[in-house]
Amino acid sequence: MPDDAQSILASPGPERRLAVILAADVAGYATEAIECAQNSFRLNRRPPGDHYSYLGWAQYAAGRYQDAVETLSHPQAGGPGSKRNLAAALAQFGRLTEACDVGQQFLAEFPSFSARQWGRTQPLRDDAHRQHFIAGYLKAGLPE
C-alpha cells in the first residue's frame, strides 16, 4: 500500500479512511484494505453502515468468506453492494440456499443487475479479482 495511505488513516474524517480502504482494495491490496477497515472500526466504535460494506468487500476479495458473511450480515451493513456481496460470500462459503435467497432479495431491488455488466464498470486493476466477484455472483444465482 502507498506510504501516504497510513497518514490518511491517521487524519480525521471517516470518509478519508473509507477512501483508503476502497482504493487499497481496488488496487489489489485486499489484506491491507481489511487492516485499514479494522483500524477505522477501532477509531469509530459506531461507524456508518458503508464501513461494514467495504470491510465485507475486502474480506470477500481476500477469500475470507466466513468473515465477509459475518460482516455483511451486520444490521448496520448498508448499500446495494452489501446484499450482492453477501450472496456471493455465502455461495463461496458453500451456503448455496441462503446465497440464492439473498441474491433474490438483491434482485428484487435491482432487477436489471448483470454480473458481466457489473464487471465491465469496475475499476479493478486485476481481471482475476473482477472474475472472482463475478464467479461469486453467478454461483449465488445472480444473472450473467
Find out if a path of hydrophobic residues (ILVMFWY) with successive side-chain heavy-atom gaps under 4.5 Å connects Y137 to L124.
yes
Looking at side-chain heavy atoms only, is the closest gap between R130 and D126 below 4.5 Å?
no
Is there a path of hydrophobic side-chain contacts, each under 4.5 Å between heavy atoms of I/L/V/M/F/W/Y residues, joining L96 to V69?
no
Distance from Y65 atom OH to Y60 atom OH, nearest 0.5 Å?
5.0 Å
Nearest 0.5 Å, what's the CD-NE2 distance between Q76 and H51?
11.5 Å
Measure the spacing between CD1 of I34 and OG1 of T71 and express it to the nearest 0.5 Å.
8.5 Å
Side chain to side chain contact (heavy atoms under 4.5 Å, CB included) between Y54 and D50: does it pass, once the steps are laid out?
CA-CA 6 Å; Y54 288 122; D50 53 359; 4.2 Å; yes
For the student: nearest non-hydrogen atoms of A87 and G103, plus distance
CB-N, 3.7 Å
For S82 and A77, work out which heavy atoms get closest and say how close.
OG-C, 3.9 Å
I need the E70 CD to L55 CG distance, nearest 0.5 Å.
10.5 Å
List the atom of K83, the atom of Q105, and the distance in Å for their closest heavy-atom pair.
CE-OE1, 4.1 Å
Any side-chain heavy-atom pair from P143 and S114 closer than 4.5 angstrom?
no
Applying side chain to side chain contact (heavy atoms under 4.5 Å, CB included), run through R116 and L138 and close with a yes or a no.
CA-CA 9 Å; R116 301 274 179 224; L138 297 177; 3.6 Å; yes
Which atom pair, heavy atoms only, marks the closest approach of A91 to G136?
CB-O, 4.0 Å
When you measure from the side chain of N85 to the backbone N and O of G81, does any donor-acceptor pair fall under 3.5 Å?
yes
Looking at CZ of F133 and CD of Q122, how far apart are the two atoms once the value is rounded to the nearest 0.5 Å?
9.0 Å
What one should report as the nearest heavy-atom pair of A61 and A30 is CB-CB, 3.8 Å
CG (L90) and CG (L72) are apart, to the nearest 0.5 Å, by 8.5 Å
If you look at every heavy atom in N44 and P48, which pair is closest and at what distance?
ND2-CD, 4.0 Å
Would you sort out whether L86 and S73 count as a side chain to side chain contact (heavy atoms under 4.5 Å, CB included), showing the intermediate values?
CA-CA 7 Å; L86 175 58; S73 295; 3.6 Å; yes
Any pair with a residue in residues 67-102 that passes ring pair (Phe, Tyr, Trp, His ring centres under 6.0 Å), sequence neighbours left out, goes on the list, sorted by first then second residue, please.
Y52-H74
